[in-house]
Amino acid sequence: MALTKHSRITLNDGHKIPVVGLGTYAPQECPKSLAGEAVKVALEVGYRHIDSAFIYGNEVEVGQAIREKIADGTVKREDVFYTSKLWSTYHTPQLVRTCLEKSLKDLQLDYIDLYLIHIPIEFKPGDDLFPTDESGKPIYHNTDIRDTWKAMEDLKEAGLVKSIGVSNFNHKQLELILNMPGLRYKPVCNQVECHLYLNQSKLLEFCKSHDIVLEAYGVLGSTRDVKW
């Protein structure tokens with residue numbers, strides 16, 4: 001079947017996600033303006049899924065690009081599927097909405113199509129997004145990921161996000177959410193690194209069995225961060 005800008009997959013909550021998206025992560029040394037320019041070109045050539053995150057620090061530029069392409073008639077807001085992600089210093093339930101609202105303010109959008117828990121690891125809440133101790137080791141925090149998920153469900157019910165999911169979760173971490181008492185919405189997707197050298201076949205099988213889309217990043221390779 002030919003791939004077009006209308007090629008989408010139906011998620012388990014009924015919303016549809018474009019099968020190909022533009023990821024906007026870039027190393028810190030890259031000017032944030034490049035993300036905005038890339039988004040404009042992507043929308044012009046037919047991309048309809050734009051993926052960013054609070055921690056990328058480029059949502060002002062990405063949002064401006066989306067709004068410019070809406071203003072000039074290239075797309076309508078309902079044509080664009082926008083993904084953002086909850087950062088790890090905001091896992092405490094009362095901070096989840098705070099992080100989302102920061103993204104919405106930067107984007108100047110009324111809602112986000114897909115909101116993900118970026119990674120299943122929590123850092124100490126605070127203004128430092130990568131808190132470390134005297135020896136340079138990360139300072140973690142211990143909010144139950146299920147409590148974070150309940151706050152994500154609240155965002156969906158408030159109409160601030162259309163769909164909710166996770167990123168970088170393994171099957172045991174997914175099971176924690178799937179087996180929650182009183183679960184209102186299960187994750188619609190799990191966004192993970194996936195390519196020829198890491199095909200995630202077992203995780204894909206697990207996700208399929210629970211009607212969760214496995215969304216791949218780094219499919220064609222990725223920037224190599226020296227810290228990795």
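Because the structure is a prediction, the values reported are computed rather than measured.
- Salt bridge present: K40 and E37 bring a charged side-chain N and a carboxylate O closer than 4.0 Å.
- Using a 4.5 Å heavy-atom threshold, the side chains of L114 and I164 count as separate.
- Note on ring orientation: taking the six-membered ring where Trp is involved, the planes of H118 and W87 are perpendicular (angle over 60°, cut-offs 30° and 60°).
- Judged purely by atom type and a 3.5 angstrom limit, N190 has no side-chain atom pairing as donor or acceptor with the backbone of I212.
- Note on R184 versus E153: salt bridge recorded, some NZ/NE/NH1/NH2 to OD/OE distance being below 4.0 Å.
- Atom NZ of K124 is surrounded by 12 or fewer heavy atoms from other residues, nucleotides or ligands within 6.0 Å.
- Atom CG of D110 is surrounded by 12 or fewer heavy atoms from other residues, nucleotides or ligands within 6.0 Å.
- The closest side-chain donor-acceptor pair between E59 and Y82 falls under 3.5 angstrom.
- Side-chain contact between D113 and T83: absent, with no pair of heavy atoms (C-beta onward) separated by less than 4.5 Å.
- Crowding of Y47 atom OH: a count of heavy atoms from other residues, nucleotides or ligands under 6.0 Å not exceeding 12.
- Between Y217 and Y25, the ring center distance fails the sub-6.0 Å criterion.
- Because its NZ or CZ atom is both nearer than 6.0 Å to the ring centre of Y111 and within 45° of the ring axis, K162 counts as a cation-pi partner of that residue.
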Chi angles and distances behind the salt bridge (charged side-chain N to carboxylate O under 4.0 Å, His left out) call for K105, E101: CA-CA 6 Å; K105 182 179 179 181; E101 288 177 340; over 6 Å; no
Salt bridge (charged side-chain N to carboxylate O under 4.0 Å, His left out) between D147 and K150, intermediate numbers included: CA-CA 5 Å; D147 291 330; K150 290 174 186 175; 3.8 Å; yes
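- R97 places no side-chain N or O within donor-acceptor distance of the main-chain N or O of D154, the cut-off being under 3.5 Å.
- Side-chain atoms of V39 and T24, non-hydrogen and from C-beta on, do get closer than 4.5 Å to each other.
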Please list, one pair per line, the donor and acceptor atoms closer than 3.5 Å that link side chains of residues 200-208 to other protein atoms, with sequence neighbours excluded.
from: Q200; atom 1: NE2; to: E193; atom 2: O; distance (Å): 2.9
from: S201; atom 1: OG; to: N199; atom 2: OD1; distance (Å): 3.4

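- When the shell of 6.0 Å around NZ of K186 is examined, it contains more than 12 heavy atoms from other residues, nucleotides or ligands.
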